[in-house]
Amino acid sequence: MKTTEKGSTYFVLLILLLLISVLFIGISTFAHLVVRTSLIVSQKHELKQAFVKEAERVVGLMTEEAGRASDSAAADSFHDDIWNQIRFCEIEGAKITLEDISSRLNPNWMQRTLFTRTAFIKLLGSYKTADDLQAYRQKNGLSADIPTHYAAFFSQENLEKYFSGYGYYNINVSDEFVLETVYCERTGKTEAEGESFRMLIHNRRLNRDPLKRLVLAKDLHNFLKSDFPVLYPIINAQPLFNVNFVDKDILREIINYPYPDQGKKKRLSPSLTDWILDQREKRELTEKDLENTIKPRYKNARIGQFLGARTWFWKLSIIKDKTALVWILARIPDSRNNSTDSKTRGVNDVHFTLIEERFSE
Amino acid sequence: MRLRKIVQQFSAPKKNEQGFTLIEAITMIAVISVLGVVLWSGATLAMRAVDNMGSYLDGSSAFLQAENALREKCAAVRFPYWAGRCEVEIDETSASIPYYKGQKDSELRLEFKDHMLWVSIPKKDGDEGERSRLPYGPFGGAEFAVAQNPNRGVYGISVTLRPDKTDEENTVSGQAEAEPDSSLTITAGFGAVPLRNSENEND
């Protein structure tokens with residue numbers, strides 16, 4: 001073999017080795033990327049599971065709190081034990097927050113008169129009327145995404161402070177056209193059947209006797225008949241706002257609203273607002289307190305459709321650094337027993353359902 | 001005389017420089033052949049292992065990416081809590097889910113086409129062009145189904161993905177059919193679902 005031929009053999013070998021090295025470097029880099037992605041995905045999953053476990057613990061505490069056989073369990077307020085319990089979080093460095101998101105105005109159900117007969121009209125943007133809002137809802141439907149859907153009607157500041165897209169549709173105080181929309185969406189029935197349902201509500205509201213205009217909680221099953229299983233609890237006859245949490249401006253306007261079923265004056269005492277605001281700082285207000293205070297009548301009256309002592313939709317957030325889990329929970333009113341009397345309520349009556357989850361990193 | 005001896009000594013081939021005998025040459029060729037066959041087999045095996053590893057990593061990567069995308073997109077599907085039910089349209093090769101980002105007219109579309117899982121947000125009326133359309137795969141097949149909880153409430157969508165079997169080595173002699181089922185089911189929950197009263201509803 002010649003000397004020059006020795007070199008060429010080594011060169012070929014080097015090229016081969018180089019190719020093999022490049023191949024294996026490529027494979028290992030790819031493997032490393034896949035393993036890393038897999039780790040990120042599994043870490044994200046584990047992190048979320050830890051947050052979910054903590055959220056489930058809080059829901060357990062809420063259920064326990066609301067299911068206790070005591071008068072305090074008939075109401076939700078800042079005086080409940082749950083606020084102390086959520087100060088402790090099992091995830092190190094995380095913070096738990098709980099917020100009543102149903103004791104606010106909801107542009108999805110608000111009646112025209114609620115704007116025209118109160119100062120809520122000031123919340124509407126310039127050149128916008130309550131009729132415009134009603135027409136807009138008819139055309140574009142309802143949305144839980146209030147900031148986007150109703151941006152043309154209310155300022156972002158007011159939307160954040162006074163409004164919420166979460167809450168039940170009270171059969172007595174929700175706009176009848178909105179109830180028709182919800183009826184059709186929920187049951188899947190035709191527009192003609194929806195129209196019949198709306199007319200049923202419309203005629204009830206036109207009753208000469210103001211005391212017979214309301215569909216009471218105990219009569220709801222008879223009123224909705226075979227549609228009850230599908231419509232309940234979305235359409236119900238429970239009070240919309242919890243007096244223990246509702247914003248003072250909303251409370252004032254709801255109390256100032258003229259109620260035809262409140263005797264000749266049609267007005268409740270203006271001092272009622274201050275009394276509620278003062279009392280709720282000191283203790284938890286229950287529906288019994290409202291019944292004893294609101295004169296001439298609270299129970300079976302229109303004001304009782306607005307003001308109550310229970311929260312129906314909660315926003316539960318668990319936040320750690322940039323990671324957050326948000327749960328929207330709906331409390332299901334017990335259809336078999338609409339009583340607020342703690343003695344007739346059992347622990348199992350309370351039931352929270354998760355309707356929305358958001359997890360962000 | 002002496003000079004002739006010297007010339008003969010230098011010009012005649014030495015005993016070990018006389019070349020190979022036929023047997024030596026045949027033996028050498030045989031040894032080289034055996035070595036070559038062994039090396040070739042080894043190299044082929046190594047290349048196949050590299051290919052298999054690449055395919056496995058490709059497959060794992062495709063599954064992971066598809067899982068991530070499905071979970072992310074489905075979490076953005078928010079049915080209003082007052083809706084009657086989650087109206088998900090499913091056929092053999094696709095699934096359409098409304099209420100993407102809470103908007104009734106905005107849908108999330110999953111489609112299996114050309115060995116790829118396509119995750120897209122088709123354009124709404126008034127939008128120009130496709131809003132987003134991304135392929136994940138390749139996969140051998142995909143099946144779509146709604147994910148339901150014990151009381152039959154729909155809470156998400158299940159996508160079963162089968163590994164891609166279009167590789168030459170897998171399609172020959174029906175090996176793919178004999179292999180155990182290695183499909184993977186991804187269940188992705190929606191961000192928000194309609195409120196159901198389990199006490200009353202039996203639909």
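Residue numbers begin at 1 in each chain, while the letters A, B, ... track the order of the sequences. Because the structure is predicted, anything quoted here is derived from the model rather than measured.
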(request) With a 4.5 Å cut-off on heavy-atom pairs, point out which of A:Tyr168, A:Phe359, A:Tyr166 contacts chain B the most. (result)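 Maximum pair count with chain B is reached by A:Tyr166.
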(message) Shorter than 4.5 Å, heavy atoms on both sides: which option in A:Ile328, A:Leu142, A:Ile20, A:Val182 has the most such pairs with chain B?
(response)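 Ranked by heavy-atom pairs under 4.5 Å with chain B, first place is A:Leu142.
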(request) Calculate, to the nearest 0.5 Å, the distance between atoms OG1 and CG belonging to A:Thr148 and A:Leu159 respectively. (result)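 Between A:Thr148 OG1 and A:Leu159 CG, I get 9.5 Å after rounding to 0.5 Å.
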So does [X] pair up with [Y], basic N to acidic O under 4.0 Å?
X	Y	result
A:Asp227	A:Lys189	yes
A:Glu195	A:Arg198	yes
B:Glu72	A:Lys44	no

Quick one: what part of [X] sits under 4.5 Å from any heavy atom of chain B, side chain, backbone, both or neither?
X	value
A:Ala144	both
A:Tyr183	neither
A:Leu23	side chain

(request) Look only at the side chain of A:Ser102 and the backbone of A:Trp312, and say whether a donor-acceptor pair between them is shorter than 3.5 Å. (result)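 A pair under 3.5 Å: yes.
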(message) Given heavy-atom pairs under 4.5 angstrom as the criterion, report whether the side chain, backbone, both or neither of B:Phe190 touches chain A.
(response) neither
(request) Under 4.5 Å, counting heavy-atom pairs only, tell me which of B:Gly191, B:Pro80, B:Pro194 racks up the most with chain A. (result) B:Gly191
(request) Could you check whether the rings of B:His115 and B:Phe112 sit parallel, tilted or perpendicular, using 30° and 60° as the cut-offs? (result)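 Geometry flag for B:Phe112 against B:His115: perpendicular rings.
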